[in-house]
Amino acid sequence: MPQAINLALKTIMQKKQAIVFVSSRASAQKCALEIAKKIKQINLILPEQILDVSPTPTKQCKNLAICLKKEIAFHHAGLLQKQKEIIENEFRAGRIKVICATPTLAAGLSLPVFRVILRSLKRFSGNWGMNYIPVLEYLQMAGRAGRPEYEKFGEAISIAKDDAQKQEIHEKYICGKPEEIYSKLAVEPVLRTYILSLISSGIIRNNKTMLEFFSKTFWAHQFKDIPKLQSKLNEMLEKLQEWDFVHVVDNLNQETKESTNLEIKKEENKVTNNLKSNIKTNITSKFSDFVNATKLTKKQNKTKLNNNNHNEDKIFKATTMGKRISGLYLDPLTANHLITCLNKYQKQNNNQDLDSQTNNFQLLQMISNTLEIRPQLKVRTNDHELVQDAILKHHNILLQKEPDQYDLEYPQFLNSIKTTLFFQDWIDEKTQDNLFEKFKIAPGEINVKISIADWLFYACEEISHILKQKETIKDIRKLRIRIKNGVKEELLGLLKLSGVGRIRARKLHKNNIKNINDLKKTNQTAIGQIIGNKLAQDIKKQLGQEIIEIKPTKRKGQMSLSKFT
DNA sequence: GTATGCTGCGTTTAGACAGCATGTC
DNA sequence: CTAAACGCAGCATAC
């Protein structure tokens, strides 16, 4: 720790710039603060810029401002997009001297720097505690060092805790070779999505073309074993049939044939299923990021249709729903989850009238338990009460079945509840700062979660459309606007105006202007006093009413042209 | 009296691509 | 490959 800081300070004294790579967000922040503490020089412009991006700065924003005063910054995915941009630009311009960062900065954008300091080459990995990062990542980070325009060379310094580690690092990273790159197709969600998309677009029409197509991929090239590959593909295809996204029809009479020959193949299935489980373990061990599809849903009955193994004459057809799912780039597993939940939602709401808050909880929990929303907000030790209360209150109206306490997926379920509670607070107009304190969600992540939720709900709208669920569509539309803007239901009317978001709508509402009609009845000057004259004029224009011309006011610091004429 | 530092214990641990159509503070 | 660093509380010490 002190070595990294000393190296950073030394770099500044040399009038050069450094990036310190660390392995957690907290470390990045702390490291930056420690360096900043030891610097005297003060810059007042940068902190102002950083704080300006949010009306309710969190502790994180404030810490960043403290660092920037000393021309130091930290950088990780929890920062707001704008803050990241400011940091990157100011660093390029040389006004920020040191950035303490997580691996965000290693990938993608180019931020050349004189010295890269790698405080630790280990990172936490769920199963095995702290572990050495891949050589590829080391190269990424070390590769930031050296600015071809200004320097003849750059430095990448790795810090070892003792001689033994020094040796290890030298062997693994300095002398070692980078790892092989593995095909992304080996990840089940990707494979599922691709097969559906290929069938939907007609590129894959039958077993033969499917095998032909995938044999040419990088995945097959690595995998080598074609029968296994075929088996994996078939497994996916079965799922797609089971979910009704793909039909396998007879080439001759085009008749759907899914459910007819279930029984006949049972015996045969026992054999293939054994084979399949072998494959699964095989792949899992080979590809560390392999995500098992079956984990998310309840165990489906294992002996199911497997009628496409030897049917060279059958052709694959995507259903209407299948095509739409593919067009939405949704993982079929997620799509199936959404469809099941939406059907239940529809049925439940026909039987009983739940209040809109409960309805929203149902819908939010539905999307909070998808692969797409991940990472979910994690239930921490102090959150258990909060989450348990919510479960108690809602367990009988959940759209999915609550998994067993001892089930492997139970923690995920708990996380989904916490994520739901976060969304609920967001549309209850809680501030960024509130959410940060209560859920420990970083400002930058709020926006990410919201845009994913919006996308998923858009997909739900499309699905409901195909399912002809008009009431559901209505609910989702409303919820989408609320999610996008983070507002209570009562502000929905005001949001129709452009230029009005959660803050301004709330201001108007507080002043007893609660809908478009109130707005029409209020005169422009009165509105102007609440949210500014310029906007008031603009709103009147949008309402199709008479407007009062306002004199353009001189902005602070703006020079009058008359001086020069 | 208050700022700073040390120790011990409990807790936590990187990141990121999808659709669609524009405009929040 | 089977940890390591952070944050907080409580207490000791320095000013």
Side-chain angles (χ1 to χ4, degrees), chain A residues 1 4 21-31 33-34 37 51-57 59 75-82 84 101-108 119-134 137 140-141 161 165 168 172 184 187 189-190 193-194 197 288-289 324-331 334-335 370-375 378-383 431-432 440 442 444-445 447-463 480 484-487 495 497-507 531-532 535 538 542:
Chain A
M1 181 67 174
F21 280 110
V22 296
S23 55
S24 78
R25 292 182 187 184
S27 297
Q29 201 172 114
K30 198 187 164 203
C31 188
L33 281 167
E34 299 259 320
K37 227 198 265 179
L51 287 173
D52 199 37
V53 301
S54 160
T56 53
K59 206 171 177 183
H75 190 289
H76 56 69
L79 298 184
L80 288 167
Q81 191 53 40
K82 275 194 184 164
K84 284 192 256 185
T102 57
T104 7
L105 269 192
R119 206 184 66 173
S120 160
L121 289 169
K122 288 185 166 187
R123 189 187 306 143
F124 179 82
S125 85
N127 307 326
W128 304 303
M130 292 309 262
N131 227 323
Y132 279 113
I133 61 170
E137 274 190 47
Q140 279 275 8
M141 295 193 278
K161 69 171 184 207
Q165 205 180 58
E168 268 179 321
K172 184 168 167 72
K184 267 202 129 179
V187 183
V190 178
T193 312
Y194 264 83
S197 134
S288 56
D289 60 343
R324 194 67 198 102
I325 298 305
S326 162
L328 291 165
Y329 282 90
L330 264 186
D331 176 357
T334 300
T370 59
L371 284 173
E372 283 76 0
I373 206 80
R374 287 184 193 183
K378 259 169 97 184
V379 175
R380 293 151 181 260
T381 29
N382 286 327
D383 298 331
T431 64
Q432 243 184 46
K440 297 276 178 295
E445 283 166 328
N447 300 328
V448 175
K449 287 284 169 278
I450 282 161
S451 76
I452 297 175
D454 184 50
W455 166 52
L456 285 173
F457 277 131
Y458 170 78
C460 288
E461 255 182 59
E462 295 291 298
I463 290 170
R480 257 187 90 194
K484 232 180 186 165
N485 295 282
V487 293
L495 285 178
L497 296 163
S498 78
V500 178
R502 80 187 311 222
I503 304 291
R504 288 168 182 165
R506 180 46 63 193
K507 269 188 178 167
I531 52 172
L535 207 60
D538 198 59
Q542 286 183 56

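Since the structure is predicted, the reported quantities are computational estimates derived from the model, not experimental observations. What's counted below: heavy atoms across the whole structure, side chains too, no hydrogens, waters or symmetry copies.
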Minimum-distance nucleotide (side-chain atoms of T381(A) versus dT2(C), dT12(B), dA18(B)): dT12(B)
Paired nucleotide for dC1(C) [Watson-Crick or G-U wobble; both distances under 3.5 Å]: none
Basic-acidic side-chain contact under 4.0 Å: R119(A), E34(A): no
Whole-Å distance separating the CD atom of E137(A) from the C1' atom of dA16(B): 13 Å
For dT7(B), the Watson-Crick or wobble partner whose two distances fall under 3.5 Å: dA9(C)
Watson-Crick or G-U wobble partner of dC20(B), both distances under 3.5 Å: none
Interatomic distance at C1', dA14(B) relative to dA4(C), whole Å: 15 Å
Touch class at under 4.0 angstrom, heavy-atom based, for N127(A) against every strand present: nothing
Complementary nucleotide for dT2(B) - Watson-Crick or wobble, under 3.5 Å: dA14(C)
Q432(A) vs L80(A) side-chain heavy atoms within contact, under 4.5 Å: yes
Check: K484(A) and L495(A) side chains under 4.5 Å, non-hydrogen atoms: no
Interatomic distance, Q81(A) CD vs dC17(B) P [rounded to whole Å]: 10 Å
Touch class at under 4.0 angstrom, heavy-atom based, for V22(A) against every strand present: nothing
Sugar-phosphate, base or nothing in reach of R480(A), heavy atoms under 4.0 Å: base
Side-chain N,O (T104(A)) to OP1/OP2 (dA14(B)) below 4.0 Å: no
Phosphate OP1/OP2 of dT12(B): any R380(A) side-chain N/O under 4.0 Å: yes
Presence of R119(A) side-chain N/O under 4.0 Å of dC6(C) phosphate oxygens OP1/OP2: yes
Listed nucleotide nearest any side-chain atom of P103(A), set dT24(B), dA14(B), dA4(C): dA14(B)
K184(A) NZ - dC17(B) C1' separation (whole Å): 7 Å
Within-4.5 Å side-chain heavy-atom neighbours: Y132(A) and E137(A): no
T193(A) to P189(A) - nearest heavy-atom pair and separation: OG1-O, 2.6 Å
Student check: side-chain heavy atoms of Q81(A) and N447(A) closer than 4.5 Å: no
Touch class at under 4.0 angstrom, heavy-atom based, for K161(A) against every strand present: sugar-phosphate
Residue mapping more 5' on DNA chain B - nearest nucleotide basis, G499(A) or M130(A): M130(A)
Under 5.5 Å and under 30°: W128(A) stacked on dT2(C): no
Residue whose nearest DNA chain C nucleotide is more 5′ - N131(A) or S23(A): N131(A)
Touch class at under 4.0 angstrom, heavy-atom based, for E462(A) against every strand present: nothing
Selected nucleotide, minimal atom distance to Y329(A) side chain, candidates dA16(B), dG19(B), dA5(C): dG19(B)
Opposite nucleotide pairing with dG15(B), Watson-Crick or G-U, both atom distances under 3.5 Å: none
Sugar-phosphate, base or nothing in reach of S451(A), heavy atoms under 4.0 Å: base
Distance, rounded to the nearest Å, where K378(A) contributes NZ and dT13(B) contributes C1': 7 Å
Proximity to the side chain of K30(A) - top-ranked nucleotide from dC20(B), dT24(B), dC6(C): dC6(C)
Value in whole Å for how far the C1' atom of dG23(B) lies from CD1 of I503(A): 16 Å
Nearest-nucleotide pick for K122(A), side chain only, options being dA4(C), dC25(B), dC6(C): dA4(C)
F457(A) CZ to dC20(B) P, straight-line distance once rounded to whole Å: 18 Å
Nearest-nucleotide comparison on DNA chain B, the residue closer to the 5′ end among K82(A) and R25(A): R25(A)
Between P of dC20(B) and CG of L456(A), the distance in whole Å: 14 Å
Between P of dA16(B) and NE2 of H75(A), the distance in whole Å: 9 Å
Point-to-point distance, once rounded to the nearest 0.5 Å, from CZ of R324(A) to CG of L330(A): 9.5 Å
